[in-house]
Amino acid sequence: MNRKKPKIRSLPDPAFASILLAWFDHSATEMPWRGQRDPYRVWLSEVMLQQTRIAAAESYYRRFLERFPTLQSLAEASLDEVLKLWEGLGYYARARNLHRVAQLIVNEHNGQFPASAEALQTLPGIGRYTAAAIASIAFGEAVAVLDGNVVRVLTRLMDIPDEVSQPAVMNRLWAVASELLSPKRPGDYNQALMDLGRMICTPRRPACQHCPVREFCLAAANGTMEQRPVKKPKAPLPQVRAAAAVIRDQAGRLLLVQRPEHGLLGGLWMLPGGHCLPGESYVECLQRSLMELVGIEIRAGKEMAATSQTLAHFRLRLRAFACELVAGTPTGETRWAWVSSTELSRYSLGKADREILERLEQWQPRLFEEC
DNA sequence: AATCCGGGGAG
DNA sequence: CTCCCAGGATT
């Protein structure tokens with residue numbers, strides 16, 4: 001008979017790391033941040049990669065590093081410029097923390113990065129994963145990482161049937177990750193395990209035929225690969241309505257306001273407006289929001305553009321209305337600016353606002369003619 | 001333990 | 001359309 005008995009090598013086993021590293025040495029993917037150990041660059045890449053695919057981060061990494069080649073240059077920059085470079089990448093608290101940490105290290109650590117995972121994790125925006133990634137890659141510290149890829153690989157290797165968001169399960173996975181780590185080449189090992197999860201041990205239809213560590217995999221033997229990891233079902237996304245005002249001054253410039261530092265798209269700019277309260281009309285929302293934001297009374301006219309967007313926790317419907325300034329002039333704590341067409345590209349905006357502005361220019365090019 | 005925080009690519 | 005991505009902070 002040519003039927004093979006599934007012979008599983010049980011973990012931990014020192015052979016696991018050596019087999020994985022041999023595969024990595026043979027088939028590692030080229031990435032802009034690989035092949036060097038500068039803590040600043042490793043840190044930047046790891047922060048950019050938080051909840052972000054490699055393909056999405058690569059161009060941002062190159063641009064960011066070109067503008068801020070050193071920790072010092074980043075520390076000296078304005079937050080506005082950092083956010084502008086981050087525009088489109090999402091999770092903007094990462095950019096704010098990046099800027100803050102750069103200043104912190106330059107001013108209080110003599111420009112030297114903390115060199116251990118434990119010390120790194122005290123910095124804002126650096127959690128357990130990122131601290132371990134930086135420490136292992138830049139400093140060679142023997143600490144394991146646990147990201148979404150590694151969770152998937154480990155729950156399959158061990159065929160873990162438990163729901164993975166539970167703290168007890170995550171603690172076990174961190175422990176397993178540490179047991180399997182190669183103390184000789186921790187940085188390469190960590191990246192190898194993530195490469196494996198990304199390229200071979202994929203969420204759907206994993207390429208077990210090409211897996212270098214299949215002989216260790218219980219899920220592959222049991223045929224449960226696609227059922228691992230077990231995740232909690234997601235709640236349906238609520239719908240959120242939002243309104244934006246298109247207001248021009250006599251020169252034809254648009255009024256933009258800056259969002260508060262914390263919260264959604266914090267620190268980015270937007271067309272003035274906000275979320276509609278329950279039962280509130282778009283026009284009522286605009287009148288209330290403009291008064292709250294910059295203390296002006298407006299009259300809302302016809303709808304100029306609209307867009308929809310799905311965020312992590314809600315579906316957004318944004319409608320923009322041509323508005324007239326009835327009374328008052330912008331004031332208050334919210335930063336605001338009259339922005340001409342040529343200046344628009346210097347402001348950082350979320351996707352929905354950027355889309356609204358594109359449609360305004362497309363349908364009403366004369367709107368900006370006199371600028 | 002639950003929620004918030006973006007945007008995009010793959011299937 | 002759904003899922004998920006080199007997660008972290010806050011409550």
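Here the structure is a predicted model, which is why all the values come from computation and not from measurement. Letters A, B, ... are given to chains in the order of the sequence lines, protein chains preceding strands, and every chain is numbered from 1.
Using a 4.0 Å cut-off between charged nitrogen and carboxylate oxygen, A:R62 and A:E66 do not count as a salt-bridge pair. In summary, A:D195 and A:R34 engage in a salt bridge, as defined by a charged side-chain N under 4.0 Å from a carboxylate O. The residues A:R288 and A:E284 are annotated as not salt-bridged, no charged nitrogen and carboxylate oxygen being separated by less than 4.0 angstrom. A salt bridge links A:E87 to A:R354: one of the charged nitrogens lies within less than 4.0 Å of a carboxylate oxygen. A salt bridge is absent between A:D147 and A:R128: the closest approach of a Lys/Arg side-chain nitrogen to an acidic carboxylate oxygen does not fall below 4.0 angstrom. We find that A:R204 and A:E226 are not joined by a salt bridge, their nearest charged nitrogen and carboxylate oxygen being 4.0 Å or further apart.
In this structure, A:R259 is not positioned above the aromatic face of A:W269 in the sense of NZ or CZ being under 6.0 Å from the six-membered ring centre and within 45° of the axis.
Within the 4.0 angstrom heavy-atom criterion, only backbone atoms of the sugar-phosphate kind lie near A:R152; the bases stay farther away. Among the protein residues, A:M31 comes within range of the nucleic acid bases, having at least one heavy atom under 4.0 Å from a base atom. A:R259 comes within 4.0 angstrom of no nucleic acid atom, judged by non-hydrogen atoms across all strands. When heavy atoms are screened at a 4.0 angstrom cut-off, A:W33 is found touching base atoms of the nucleic acid. A:T202 comes within 4.0 angstrom of no nucleic acid atom, judged by non-hydrogen atoms across all strands.
As rounded to whole Å, 13 Å separates atom C1' of C:dA6 from atom CE of A:M199. Counting to the nearest Å, the P atom of B:dA1 and the CD atom of A:Q166 are 8 Å from each other. Look at CZ on A:R228: it is 18 Å from C1' on C:dC4, rounded to the nearest Å. Rounding to whole angstrom units, CG of residue A:D195 and P of C:dA6 are separated by 10 Å. In this entry the distance linking CD of A:E46 with C1' of C:dC5 reads 13 Å, nearest Å. The distance between atom CG of A:D147 and atom C1' of C:dC5, rounded to the nearest whole Å, is 9 Å. Here the C1' atom of nucleotide C:dA6 and the CG atom of A:N190 are 10 Å apart, to the nearest Å. Atom NE2 in A:H262 sits about 19 Å away from atom P in C:dG8, given to the nearest Å.
A centroid separation of less than 6.0 Å is found between the aromatic rings of A:Y61 and A:W33.
Grouping Ile, Leu, Val, Met, Phe, Trp and Tyr by side-chain contacts under 4.5 Å, direct or through others, puts A:I296 with A:I247, A:L255, A:V257, A:M270, A:Y282, A:L286, A:L290, A:L293, A:V294, A:I298, A:F321, A:L325, A:W336, A:W338.
Taking atom P in both C:dA6 and B:dG11, the straight-line distance is 13 Å, to the nearest Å. Nucleotides B:dG6 and C:dC3 are separated by 15 Å at their C1' atoms, to the nearest Å.
For A:R317, the salt bridge (charged side-chain N to carboxylate O under 4.0 Å, His left out) criterion is met by no residue, not counting sequence neighbours. By the salt bridge (charged side-chain N to carboxylate O under 4.0 Å, His left out) test, A:R185 is found to be paired with A:D25, A:D188, residues two or more places apart in sequence or in another chain being considered.
Donor-acceptor pairing under 3.5 Å is lacking for the side chains of A:R253 and A:S341.
Contacts with DNA chain B (heavy atom under 4.0 Å) in residues 232-244 of chain A: A:K232, listed by number.
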Study note, to complete from the structure: Nucleotide by nucleotide, nucleotides 5-11 of chain B touches protein heavy atoms under 4.0 Å in the pattern (B base, S sugar-phosphate only, - none) BBBBB-S
Restricting to nitrogen or oxygen on both sides, can you table the protein-nucleotides 9-11 of chain C pairs closer than 3.5 Å?
{"unit_1": "C:dA9", "atom_1": "OP1", "unit_2": "A:G125", "atom_2": "N", "d": "2.6"}

